[in-house]
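Here the structure comes first, spelled out in structure tokens, and everything after it is commentary.
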2 protein chains.
Amino acid sequence: MDNSTAKETFISFLQSQKLRVTPERLDLLDEIMTSNGHFDAENFYSVVREKGIKASRATVYNTLDLLVQCGLISKYRFGDTTSRYEKAFGRPRHDHLICLNCGEILEFVSPELDNIQTKVCKQHGFRFANSSLQIFGTCSKCQKK
Amino acid sequence: MDNSTAKETFISFLQSQKLRVTPERLDLLDEIMTSNGHFDAENFYSVVREKGIKASRATVYNTLDLLVQCGLISKYRFGDTTSRYEKAFGRPRHDHLICLNCGEILEFVSPELDNIQTKVCKQHGFRFANSSLQIFGTCSKCQKK
DNA sequence: CTGCCTGCAAAACTTTTGCAATGCG
DNA sequence: CGCATTGCAAAAGTTTTGCAGGCAG
């Protein structure tokens, strides 16, 4: 999915939910489309203000939530108190290795994991929505120190 | 691991870290040993106060953190704002299916998952500490509604 | 004795909410 | 035009911290 498709997806989602397509919402999506890696709400709010985008904290939280609902971004918690987000379009589903020492977050992809998840859901009559595997440990750099 | 072993583990851990073995810390571990299922810090603090155990909020948070460090309890975040804990001894490692509708949390065990994790860590030169796979979706009961 | 721990309350932080004003549909 | 949305600030909820005793080692 490219950036213009992402915008179309968001607009369709808003309309289907009878929510309004406001400039604030589109501006925030635009900003996320140019981002890379993980970010948190407060952090994102600061960037947004610095860039002169008009959107209050409430709107930022609201919009992030809507983007999660329509699958354009993913929301994680990596053990700290803050929710983290990342772009979920234009790249494959992946999971995270989190270094407990330096906080670095590595990503990995495992097709076998998808199979396991499908199997587990079937066994429990569970309808899959999304998932998150987080492996905590020590990264190779920190092991050498 | 049974309950008396858990206590020994905790005491050894405290001593190895040059931390004190205080009645508050032991009382809190005792209380956790009799618990089942998931709990959060505030919730646990209430129970502790109701039972007449003397321990402040600060001590509860501190002790939960120590118990996580020595592996006697596990800490999770299931998408809400609160950290959840559960006993990690006397039962096998497991992961969670979380119903987005009713909030129910089902547990499952997958030996294949352990293999994948080992493999991924090896590939990235990562030293494994612990992990958490959370699958979000709709449970069978909620699908029937 | 020493200094780690505790209790209490206040502070810090993240996220949500109430209300009046605004503007999308 | 009606009502969802916004901005602002205040509230709510969770976790951390500062400080003055208190007690484990």
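So that the names make sense, note that chain A is the first sequence line, chain B the second, and so on, each numbered from 1. All of these numbers come straight from a predicted model, not from anything done at the bench.
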Against the side chain of A:Val21, the closest entry in C:dT15, D:dT14, C:dG25 is C:dG25
Of the candidates D:dT14, D:dT6, D:dA4, the side chain of A:Leu19 sits closest to D:dA4
Note to self: Quick check on C:dT16: is either OP1 or OP2 less than 4.0 Å from any side-chain nitrogen or oxygen of A:Tyr61?
What the structure shows: no
Overall bend of the helix from C:dC1-D:dG25 to C:dG25-D:dC1 (five pairs an end, 10° steps) is 40°
Q | D:dT6 OP1/OP2 closer than 4.0 Å to side-chain N/O of A:Asn62 | A | yes
A:Gln15 atom CD is separated from D:dA4 atom C1', nearest whole Å, by 15 Å
4.5 Å side-chain heavy-atom contact, A:Ile11 and A:Leu26: yes
With the side chain defined as heavy atoms from C-beta on, B:Thr59 is closest, among D:dT15, C:dT6, D:dG7, to C:dT6
* To do: Apply side-chain contact (heavy atoms from CB on, under 4.5 Å) to the pair A:Arg93 and A:Asp114, showing each step before the final yes or no.
  => CA-CA 10 Å; A:Arg93 213 198 73 74; A:Asp114 296 341; 3.6 Å; yes
Check: Base, sugar-phosphate alone, or nothing: which one does A:Glu24 contact when heavy atoms must sit under 4.0 Å apart?
Finding: sugar-phosphate
- Query: So, does A:Arg77 use its side chain to make a donor-acceptor pair with the main chain of B:Asp80 at under 3.5 Å?
  - Reply: yes
Atom CG of B:Asp40 and atom P of D:dG13 are separated, to the nearest Å, by 13 Å
Q.
Check this one for me: any side-chain N or O of B:Thr22 less than 4.0 Å away from OP1 or OP2 of C:dT6?
A. yes
Rounded to whole Å, the CZ-C1' distance (A:Arg25 to C:dG23) equals 13 Å
DNA chain C nearest-nucleotide lookup for B:Tyr45 and B:Lys18: closer to the 5′ end is B:Lys18
Here the distance between atom P of C:dT15 and atom CG of A:Asn43, to the nearest Å, is 11 Å
Between CG of A:Asp80 and C1' of D:dT16 the distance, given in whole Å, is 14 Å
Report the C-alpha distance between B:Tyr61 and B:Arg57 in whole Å, list the side-chain angles of each, state the deciding distance to 0.1 Å, and finish with yes or no for side-chain hydrogen bond (donor to acceptor under 3.5 Å, both in side chains). CA-CA 6 Å; B:Tyr61 275 92; B:Arg57 196 186 310 275; 5.9 Å; no
(Q) On the nucleotide D:dT14, are OP1 or OP2 found under 4.0 Å from the side-chain N or O atoms that B:Thr81 carries? (A) no
A:Thr59 and A:Ser56: side-chain donor and acceptor closer than 3.5 Å?
-> yes
>> Check this one for me: any side-chain N or O of A:Arg57 less than 4.0 Å away from OP1 or OP2 of D:dT6?
In response: no
Between A:Gln143 and B:Gly125, is there a donor-acceptor pair closer than 3.5 Å when you use the side chain of the first and the backbone of the second?
yes
Which of A:His96, A:Lys87, A:Arg84 passes side-chain hydrogen bond (donor to acceptor under 3.5 Å, both in side chains) with A:His38? Answer is A:His96
Separation of C:dA21 atom C1' from A:Lys54 atom NZ, nearest Å, is 11 Å
Between C:dC5 and B:Arg20, counting only base atoms on the nucleotide and side-chain atoms on the residue, is there a donor-acceptor pair under 3.5 Å?
no
Tightest non-hydrogen contact, residues B:Glu86 and B:Gly37, listed as CB-O, 3.7 Å
Of C:dT15, C:dG7, D:dG7, the nucleotide closest to the side chain of A:Ala55 is D:dG7
B:Ile11 CD1 to D:dA24 C1', in whole Å, measures 13 Å
